[in-house]
Engineer: 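I'd like to ask you about the structure that follows.
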2 protein chains.
Amino acid sequence: MAQTQTLSKNQKIILDIIEKAKEPLKAYSILFNVQKKGIKAPLQVYRALEKLIKLGKIHKVESRNAFVACKNSNCEISKATAFSICETCKKVTEISNQKLSKYLKNFHDKTGMTYKKYNLEFYGLCTSCKRS
Amino acid sequence: MAQTQTLSKNQKIILDIIEKAKEPLKAYSILFNVQKKGIKAPLQVYRALEKLIKLGKIHKVESRNAFVACKNSNCEISKATAFSICETCKKVTEISNQKLSKYLKNFHDKTGMTYKKYNLEFYGLCTSCKRS
DNA sequence: TAACGTTTGTTATAATATAACATATTTAAG
DNA sequence: CTTAAATATGTTATATTATAACAAACGTTA
Ligand SMILES: [Zn+2]
Ligand SMILES: [Zn+2]
Ligand SMILES: [Zn+2]
Ligand SMILES: [Zn+2]
């Protein structure tokens, strides 16, 4: 079970900082923030990120090269992700919508390709940026 | 009209090489390939790519940092894109499916955010990689 | 305790992308 | 035409993102 997975020291440190952040975090900004905790090199960060992604604890927002904590029961181990991204304030929200995920999981194109995973990113204006 | 848009010299060179490629191309591989035509610096490539994306002539495959020619009437100037990506052979195919794009264009989340654009990437196995 | 897989630490380097500045070319008014 | 604005180019330097390669430590479990 993913829930019982025990994280290593570095993985915990890095998950913690991502979970506390209100914004998606970039790898090197994570690095800067954990240097006081003894993590000194990019690889230490990237390795933890890679593992956390595999476990579904975090996701990479591909178009931003940034990382967010999963808000959605670990997203079936990161196989089906959707985000809304405000182009003004850069806020990223994970979308959890049953109909949408069902629709996409069942989607097949005419080539007969088998999909194991998808990532969807919507870009636009969040409500507060719309007002101003 | 997008069709009447006239491209500059560098833009033509770079669109041409992307259109002829069977694979998504990376920026520095494009650079390498156009050096004989006088384009010497990364910025010259990135600037052309940026413009071609705006015009909907090409798309960036975000999870791959690679660029493909649009196969779909310039995709309403790149506002609605979907790809299927084979994780084995790395082949990328642009999906053009009316139902899917209609569904996504009309999608609204509960926050009331306005979407101007989306990008969807499916990952899996293409038919020929499935066989082998 | 030995063997295996996983995690860590470390240095170096690769790959991707942009800043800043100078010049040239094209377009659209006046 | 002529000038101004917008767009495109050329160039050097640098920023940002990510991985390679190697060695050591740790945590299982047989
Ligand atoms: Zn999630
Ligand atoms: Zn916003
Ligand atoms: Zn397209
Ligand atoms: Zn394939």
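A, B, ... follow the sequence lines: proteins, then strands. Residue 1 opens every chain.
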Engineer: Could you list by number each residue of residues 26-36 of chain B showing a heavy-atom separation from DNA chain C of less than 4.0 Å, or answer none if no residue does?
Structural biologist: B/K26, B/Y28
Engineer: Starting from P on C/dT10, measure out to CD on A/Q44 and report it in whole angstrom.
Structural biologist: 7 Å
Engineer: Residues in salt bridge (charged side-chain N to carboxylate O under 4.0 Å, His left out) with B/E50, at least two apart?
Structural biologist: none
Engineer: Nearest to the B/Q11 side chain among C/dT16, C/dT10, D/dA8, which nucleotide is it?
Structural biologist: D/dA8
Engineer: Do any N or O atoms of the protein come closer than 3.5 Å to N or O atoms of nucleotides 20-26 of chain C, and which pairs are they?
Structural biologist:
none

Engineer: Considering only C/dT11, D/dT9, C/dT8, which nucleotide approaches the side chain of B/N10 most closely?
Structural biologist: D/dT9
Engineer: Which one, C/dT6, C/dT8, D/dT12, comes nearest to the side chain of A/S8?
Structural biologist: C/dT8
Engineer: Would you mind reading off the distance between A/E50 atom CD and C/dT7 atom P, rounded to a whole angstrom?
Structural biologist: 10 Å
Engineer: Please state whether the phosphate of D/dA18, meaning OP1 or OP2, lies under 4.0 angstrom from any side-chain nitrogen or oxygen of A/K60.
Structural biologist: yes
Engineer: What's the CG-P distance between B/L7 and D/dT9, to the nearest Å?
Structural biologist: 10 Å
Engineer: Are a donor atom and an acceptor atom from the side chains of A/T111 and A/D109 found within less than 3.5 Å of each other?
Structural biologist: yes
Engineer: Could you check whether B/Y123 and B/S63, counting side-chain N and O atoms only, form a donor-acceptor pair closer than 3.5 Å?
Structural biologist: yes
Engineer: Pairing donors with acceptors under 3.5 angstrom, does anything connect the side chains of B/N119 and B/E121?
Structural biologist: yes
Engineer: What I want to find out is whether A/K57 reaches A/E19 closely enough, with some N-O distance under 4.0 Å, to be called a salt bridge.
Structural biologist: no
Engineer: What I want to check is whether the side chains of B/K54 and B/S78 have a donor and an acceptor closer together than 3.5 Å.
Structural biologist: no
Engineer: Could you state the CD1-P distance from B/I13 to D/dT9, rounded to the nearest angstrom?
Structural biologist: 9 Å
Engineer: Over 60° means perpendicular and under 30° means parallel, so classify the ring planes of B/F122 and A/Y118, tilted if in between.
Structural biologist: perpendicular
Engineer: Measure from CD1 on B/I39 to P on D/dA8 and round the result to the nearest Å.
Structural biologist: 14 Å
Engineer: Which nucleotide, C/dT6, D/dT19, C/dT8, lies nearest any side-chain atom of A/K51?
Structural biologist: C/dT6
Engineer: For A/K9, enumerate each residue passing the salt bridge (charged side-chain N to carboxylate O under 4.0 Å, His left out) test, keeping only those at least two apart in sequence or located in another chain.
Structural biologist: none
Engineer: Under 3.5 Å, is there a donor-acceptor pair between the side chain of A/D16 and the main chain of A/K12?
Structural biologist: no
Engineer: Under the rule for salt bridge (charged side-chain N to carboxylate O under 4.0 Å, His left out), what residues qualify as partners of A/K40, not counting sequence neighbours?
Structural biologist: none
Engineer: Is the backbone of B/G112 close enough, under 3.5 Å, to the side chain of A/K130 for a donor and an acceptor to pair up by distance?
Structural biologist: yes
Engineer: Could you pick out which residue, B/A48 or A/Y46, lies toward the 5' side of DNA chain D when each is mapped onto its nearest nucleotide?
Structural biologist: B/A48
Engineer: Check every atom of C/dA17, D/dA18, D/dT11 against the side chain of B/P42 and return the nucleotide holding the closest atom.
Structural biologist: C/dA17
Engineer: What's the NZ-P distance between A/K40 and C/dA12, to the nearest Å?
Structural biologist: 15 Å
Engineer: Quick check on D/dA18: is either OP1 or OP2 less than 4.0 Å from any side-chain nitrogen or oxygen of A/N65?
Structural biologist: yes
Engineer: If we fit an axis to the first five pairs and another to the last five of the helix from C/dT1-D/dA30 to C/dG30-D/dC1, what angle do they make, to the nearest 10°?
Structural biologist: 40°
Engineer: For the residue pair A/H59 and A/F83, does the interplanar ring angle fall in the parallel (under 30°), tilted (30 to 60°) or perpendicular (over 60°) class?
Structural biologist: perpendicular
